[in-house]
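One-based numbering along the sequence shown.
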Amino acid sequence: LRNLYMEKKCIADDSEGHDLSLFCVPKHYEEDLDSVIIPNGLIKDRTERLARDIVRDMGGQHIVALCVLKGGYKFFADLMDYIKTLNQNSDKSVPLTVDFIRLKSYSNDQSTNCVKVIGGDELSALTGKNVLIVEDIVETGKTMETLLNLLNECHPKMVKVVSLLVKRTPRSSGYRPDYIGFEVPDKFLVGYALDYNEYFRDLSHICILSDRAKEKYKV
Ligand code: IMP
Ligand code: MG
């Protein structure tokens, strides 16, 4: 059953996604994208279910949701809304507080080995708490492993990680988050707050970036 479930949330390597002309994308990005790989509605529907799974597992105790900025902000906001909806419509509910951290590891389309914490609240505020880390995408896994190491020094009571996307790549360290929205092919993805050198956060759908655009927006 688990295998079936794992397969279902995978987007296949040979998936070409949906033609751009089927969806609304900003005019200024039309030339930069190969295709829409995960439309906004599908992201939301999957997020609703992740919220249910998380509340089922972590429910009954106060959750501190830690948003990994900037790429995680859309997923974080939508996930929090779904958890709030569950909370206000059931007999069981959990207090939810939020925290933010800013990390940087990327230059152009390459993950760098150096992961920097460049802002956010003090991690020491998370001592003794049940922490849910909310991330946009796991590629090599280095960002998450670094953050987990930093966080564990502060002795939280429990740490779970939810990532909207996990890339299937030979560069993976083998790290897997507790909750995964979709497994995606080894391509550079943008939209829904995922960026390429700060561009494309203002795009609703998750799209495959074209090689031409990688040159165009290179720093
Ligand atoms: P990792 O440390 O290699 O796992 O990389 C994780 C971070 O790199 C994520 O938090 C993203 O910010 C960024 N990243 C990795 N792949 C992509 C992508 O396809 N599009 C946009 N950002 C990405
Ligand atoms: Mg990120």
Side-chain angles (χ1 to χ4, degrees), residues 9 11 17 25-26 29 32-33 36-40 42-44 46-47 50-51 54 64-82 98-121 123 131-148 150-151 159-169 171-173 175-210 213-214 217-219:
K9 66 183 176 191
I11 294 173
V25 299
Y29 291 144
D32 304 327
L33 307 167
V36 174
I37 190 154
I38 317 177
N40 187 267
L42 180 56
I43 301 170
K44 298 262 175 69
R46 178 75 187 120
T47 304
L50 287 170
I54 290 164
V64 182
L66 180 65
C67 175
V68 183
L69 294 171
K70 298 177 185 174
Y73 93 89
K74 277 296 295 168
F75 177 49
F76 182 81
D78 287 335
L79 185 69
M80 292 309 108
D81 278 350
Y82 282 118
V98 297
D99 232 319
F100 298 87
I101 188 171
R102 178 128 190 244
L103 303 176
K104 201 168 175 64
S105 66
Y106 242 76
S107 173
N108 293 321
D109 63 345
Q110 295 301 309
S111 187
T112 61
N113 281 328
C114 162
V115 179
K116 275 190 254 152
V117 177
I118 54 171
D121 298 338
L123 287 179
V131 182
L132 175 69
I133 300 177
V134 184
E135 172 67 306
D136 52 354
I137 181 165
V138 170
E139 185 178 12
T140 62
K142 278 181 208 131
T143 303
M144 210 30 71
E145 283 174 339
T146 306
L147 178 57
L148 284 170
L150 282 173
L151 193 56
V159 181
K160 297 271 188 195
V161 177
V162 56
S163 183
L164 176 62
L165 309 173
V166 171
K167 224 182 254 189
R168 274 189 305 278
T169 166
R171 296 181 303 286
S172 166
S173 67
Y175 168 75
R176 305 232 350 137
D178 301 284
Y179 305 93
I180 298 171
F182 299 98
E183 294 203 13
V184 292
D186 194 3
K187 306 224 164 92
F188 200 81
L189 306 180
V190 293
Y192 194 71
L194 280 85
D195 73 307
Y196 179 74
N197 294 333
E198 297 302 326
Y199 288 92
F200 302 99
R201 297 197 202 272
D202 55 334
L203 168 69
S204 306
H205 313 292
I206 295 178
C207 298
I208 300 178
L209 190 67
S210 72
K214 285 184 195 169
Y217 296 96
K218 209 176 196 99
V219 289

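A search for salt bridge (Lys or Arg N to Asp or Glu O under 4.0 Å) contacts involving Asp32 returns Lys216, not counting sequence neighbours. Among residues two or more places apart in sequence or in another chain, the side chain to side chain contact (heavy atoms under 4.5 Å, CB included) test is passed with Ala51 by Leu79, Tyr82, Ile83, Leu86.
Closest heavy-atom contact between Ile43 and Phe182: CA-CE1, 4.4 Å. The two residues Gly141 and Ser173 come nearest to each other via the heavy atoms CA-OG, 4.1 Å. In this structure, Tyr192 and Lys74 approach most closely via the heavy-atom pair OH-O, 3.4 Å. Between Arg201 and Ala193 the shortest heavy-atom distance is NH1-O, 2.8 Å. Summarising the geometry of Gly181 relative to Arg46, their closest heavy-atom pair is O-NE, 2.7 Å, with the distance given to 0.1 Å. For the residue pair Ile11 and Pro185, the shortest heavy atom distance occurs at O-CD, 3.5 Å.
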**Prompt:** When you look at Asp136 and Leu164, which way does the side chain to side chain contact (heavy atoms under 4.5 Å, CB included) test go after all the steps?
**Reply:** CA-CA 5 Å; Asp136 52 354; Leu164 176 62; 5.6 Å; no
**Request:** Evaluate the criterion side chain to side chain contact (heavy atoms under 4.5 Å, CB included) for residue pair Val25 and Leu203; output intermediate values, then yes/no.
**Result:** CA-CA 7 Å; Val25 299; Leu203 168 69; 4.1 Å; yes
**Request:** Determine, stepwise, if the pair Glu139 / Leu165 fulfils side chain to side chain contact (heavy atoms under 4.5 Å, CB included).
**Result:** CA-CA 9 Å; Glu139 185 178 12; Leu165 309 173; over 6 Å; no
**Item:** Step-by-step side chain to side chain contact (heavy atoms under 4.5 Å, CB included) determination, Lys70 to Glu198
**Value:** CA-CA 9 Å; Lys70 298 177 185 174; Glu198 297 302 326; 3.0 Å; yes
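With no hydrogens or angles considered, a side-chain donor-acceptor pair links Asp202 and Tyr29 at under 3.5 Å.
Between the side chain of Lys167 and the main chain of Thr140, no donor-acceptor pair closer than 3.5 Å is present. Side chain of Tyr196 to backbone of Lys214: a donor-acceptor contact under 3.5 angstrom is found. Panel note: side chain Asp178, backbone Val161; a donor-acceptor pair is recorded below 3.5 Å. Put simply, the side chain of Ser163 never gets that close to the backbone of Ile180: no donor and acceptor are under 3.5 Å apart.
Between Tyr217 and Tyr199, the ring planes are tilted. Angles from 30° to 60° get that label.
A 4.5 Å side-chain heavy-atom check between Thr47 and Asp81 finds every atom pair outside the cut-off. Leu33 is listed as a side-chain neighbour of Val190, based on a closest heavy-atom distance under 4.5 Å. Side chains of Val184 and Ile206 form no contact here, defined as non-hydrogen atoms less than 4.5 Å apart.
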